[in-house]
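Inspection log for the structure reproduced underneath, given as structure tokens.
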Amino acid sequence: MLLMMIILFVALLMLLGSGVWVAVSLLGLGWLGLSQFTTIPTGNVMASNIWGSSYSWELTALPMFIWMGEILFRSKLADDMFTGLSPWMQRIPGRLLHTNVIGCGLFAAVSGSSAATCATMGKMTIPELTQRGYDERLVIGTLAGSATLGLLIPPSIILIVFAVATDQSISRLFMAGVFPGLMLISLFSLYLMFWAWRYPDRVPDADERLPFAEKLRRTRRLLPMLGLIVGVIGSIYTGLASPTEAAAVGVVLSLILAKVQGNMDMNVFLDAVLGAVRTSTMIAFILAGAAFLTAAMGFTGLPRELAAWIGTMDLSPWMLLAALTVFFIILGCFLDGISVVVLTTSIMLPMVEAAGIDLIWFGIYLVIVVEMSQITPPVGFNLFVLQGMTGKDLLSIAWAAMPFFFLMMVGVILISIFPEIVTYLPEAMSRR
């Protein structure tokens with residue numbers, strides 16, 4: 001068993017290191033495991049699992065939410081958010097830096113993508129805040145950290161992937177991500193307040209105070225987006241719509257919103273459709289490879305043996321989570337978040353279930369740890385987005401994002417001590 005583990009691990013490193021697509025690497029690893037270490041007919045298992053992973057009804061929500069995010073990515077949503085939020089941020093310590101945190105949280109609630117959140121908000125806030133004299137390093141750091149909320153706050157693409165890969169409820173996972181997302185927003189904002197108190201000379205003076213009526217008038221530009229958030233998430237929580245139905249409603253509402261803003265024509269529509277098709281196809285291909293790898297690992301018995309081996313170490317749930325956190329952070333330094341989830345679930349779930357850890361809670365924990373990997377080099381996707389937008393080197397952007405990495409670590413500790421942060425809404429939803 002140890003020899004098989006070493007061979008498969010080396011093969012995976014070689015496949016990923018050679019630049020082969022992640023999906024092809026997963027298929028190749030599954031084929032190697034089945035053909036060399038079992039007598040199971042490899043072709044039959046591959047065909048049945050690839051086909052079986054492609055017609056899941058739950059998976060139909062994925063392209064819809066991606067399409068909704070693509071539409072809003074091309075709309076004037078970031079401009080509206082900055083205009084609506086900035087008047088209320090002027091008197092808070094840190095002032096307009098909070099627009100990055102709150103704005104990313106709001107956009108995450110309609111996009112489901114960390115990279116889209118980073119790119120959309122960055123196009124607006126980086127030039128605006130640096131022009132006003134805010135500390136450029138902190139502007140970049142807050143954007144890098146806050147954009148990771150796109151992975152956690154529903155409708156999260158990676159939560160859908162986790163739900164499909166582990167046969168969990170998408171609706172319950174969406175609800176489980178709400179309070180942890182709000183918790184991270186609060187931690188980020190508190191850090192900005194502390195930083196502004198510590199370095200008051202590095203925060204520009206507030207703009208001229210606006211009349212209350214003018215603040216309300218500007219805030220009205222947030223109403224369409226807030227309506228979209230409430231319509232999508234509220235319909236899922238109340239049971240009025242399944243995630244797939246809510247995604248379809250979200251697409252229709254986002255198309256109407258973009259049209260009303262005057263930012264929707266045939267070219268924009270086609271770009272959004274093609275962007276959604278490309279992303280959805282990539283994720284579906286990875287899920288197909290993961291389904292085959294999961295079946296192959298099951299036939300080899302590797303996950304069962306690994307779980308039994310870890311069981312002999314008599315690790316407490318806390319020690320297991322600490323070890324998994326280090327493992328996922330290291331893995332996330334070299335793979336994107338979706339690949340980390342689909343690559344590890346088949347091996348990790350048996351030991352997680354054996355430790356008595358709730359899988360809904362584990363999904364949120366995993367996503368927060370994957371969020372941390374989005375701002376760690378060498379493969380931190382948010383770092384790549386910001387590098388393209390600012391022209392700065394990757395390490396300086398990663399250094400600017402480092403405080404938010406540790407704040408997310410605090411978030412992991414908090415949900416471990418107080419698991420109700422994750423489980424309260426799903427349990428309340430089940431009681432309805």
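Being a predicted model, the structure only gives us computed values, none of them experimental. The chain is numbered in sequence order, starting from 1. Atom set for the values below is all heavy atoms of this structure, side chains included, hydrogens, waters and symmetry mates excluded.
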Report task. Verify the distance criterion only: is there a donor paired with an acceptor across the side chains of Asn100 and Ser146 at less than 3.5 Å? Result -> no
Query raised in the report: Are Thr325 and Met409 close enough that some pair of their side-chain heavy atoms sits under 4.5 Å apart?
Result: yes
Requested in this report: State, with a plain yes or no, whether a side-chain heavy atom of Leu152 is found less than 4.5 Å away from one of Pro180.
Outcome: yes
Query - ring-ring contact (aromatic ring centres under 6.0 Å, His included) partners of Trp195, counting only residues at least two apart - result: Tyr199
Query raised in the report: What's the shortest heavy-atom distance between Leu240 and Glu245, and which atoms?
Result: O-OE1, 4.3 Å
Report task. State, to 0.1 Å, how close Leu27 and Phe292 come at their nearest heavy-atom pair, and which atoms those are. Result -> O-CE2, 3.3 Å
Report task. Return yes if some donor-acceptor pair links the side-chain N/O of Tyr134 with the main-chain N/O of Leu96 below 3.5 Å, else return no. Result -> yes
Requested in this report: Side-chain contact test, heavy atoms from C-beta onward, threshold under 4.5 Å: evaluate it for Val232 versus Val249 and give yes or no.
Outcome: no
Query raised in the report: Where do Ile170 and Ile160 come nearest, in terms of heavy atoms and distance?
Result: CD1-CG2, 4.0 Å
Query raised in the report: What are the two closest heavy atoms between Thr142 and Val139, and how far apart are they?
Result: OG1-O, 2.9 Å
Report summary line: Of all heavy-atom pairs linking Ile421 and Phe179, the shortest is O-CB, 3.2 Å
Query raised in the report: When you look at Phe328 and Val370, which way does the side-chain contact (heavy atoms from CB on, under 4.5 Å) test go after all the steps?
Result: CA-CA 7 Å; Phe328 285 129; Val370 167; 5.7 Å; no
Requested in this report: To the nearest 0.5 Å, tell me how far Ser169 OG sits from Ile360 CD1.
Outcome: 6.0 Å
**Report entry** Any residue meeting side chain to side chain contact (heavy atoms under 4.5 Å, CB included) with Leu395, in chain and number order, not counting sequence neighbours
**Finding:** Pro377, Asp393
Report summary line: OG1 (Thr423) and CD (Glu427) are apart, to the nearest 0.5 Å, by 4.5 Å
Report task. For residues Cys104 and Leu143, determine if any side-chain heavy atom of one lies less than 4.5 Å from a side-chain heavy atom of the other. Result -> yes
Query raised in the report: Checking Tyr365 side chain against Leu321 main chain: does a donor-acceptor pair fall under 3.5 Å?
Result: yes
Report task. Sequence neighbours left out, what passes side chain to side chain contact (heavy atoms under 4.5 Å, CB included) with Ala401? Give chain and number order. Result -> Ala144, Ile375
Query raised in the report: Are any non-hydrogen side-chain atoms of Ile185 and Ile153 less than 4.5 angstrom apart?
Result: yes
Query raised in the report: Can you name the nearest heavy-atom pair linking Ala400 to Arg137, along with the distance?
Result: CB-O, 3.4 Å
Requested in this report: Count the heavy atoms belonging to other residues, nucleotides or ligands that lie under 6.0 Å from CH2 of Trp318, then report whether that count exceeds 12.
Outcome: yes
Requested in this report: Starting at CD1 of Ile71, measure out to CG of Leu257 and round the result to the nearest 0.5 Å.
Outcome: 10.0 Å
Report task. May I ask you to test the Trp361-Ser416 pair for a side-chain heavy-atom distance under 4.5 Å? Result -> yes
Query raised in the report: To the nearest 0.5 Å, what is the distance between CD1 (Ile92) and OG (Ser189)?
Result: 7.5 Å
Report task. Check whether any side-chain heavy atom of Thr166 sits under 4.5 Å from a side-chain heavy atom of Phe362, and report yes or no. Result -> no
Report task. Kindly check if the number of other-residue, nucleotide or ligand heavy atoms within 6.0 Å of CE (Met319) is above 12? Result -> no
Requested in this report: Find the distance between CD1 (Ile7) and CD (Gln36) and round it off to the nearest 0.5 Å.
Outcome: 8.5 Å
**Report entry** Between CG on residue Leu106 and CG on residue Leu149, distance to nearest 0.5 Å
**Finding:** 10.5 Å
Requested in this report: Please report the C-alpha distance between Leu138 and Leu192 in whole Å, then the side-chain angles of each, then the deciding distance to 0.1 Å, and finally whether the side-chain contact (heavy atoms from CB on, under 4.5 Å) criterion is met.
Outcome: CA-CA 9 Å; Leu138 197 58; Leu192 291 179; 3.9 Å; yes
Query raised in the report: Under 3.5 Å, is there a donor-acceptor pair between the side chain of Ser48 and the main chain of Val45?
Result: yes
**Report entry** Under 3.5 Å: donor-acceptor pair, side chain of Thr148, backbone of Glu371
**Finding:** no
Report task. State, with a plain yes or no, whether a side-chain heavy atom of Val178 is found less than 4.5 Å away from one of Pro154. Result -> yes
Query raised in the report: Counting N and O atoms only, with roles assigned by atom type, does the side chain of Ser396 sit under 3.5 Å from a partner on the main chain of Lys392, one being a donor and the other an acceptor?
Result: no
Query raised in the report: Going through the distances and angles, do Ile415 and Met183 end up as a side-chain contact (heavy atoms from CB on, under 4.5 Å)?
Result: CA-CA 9 Å; Ile415 67 168; Met183 175 193 69; 3.8 Å; yes
Query raised in the report: Can the ring centroids of Phe404 and Tyr191 be said to lie less than 6.0 angstrom from one another?
Result: yes
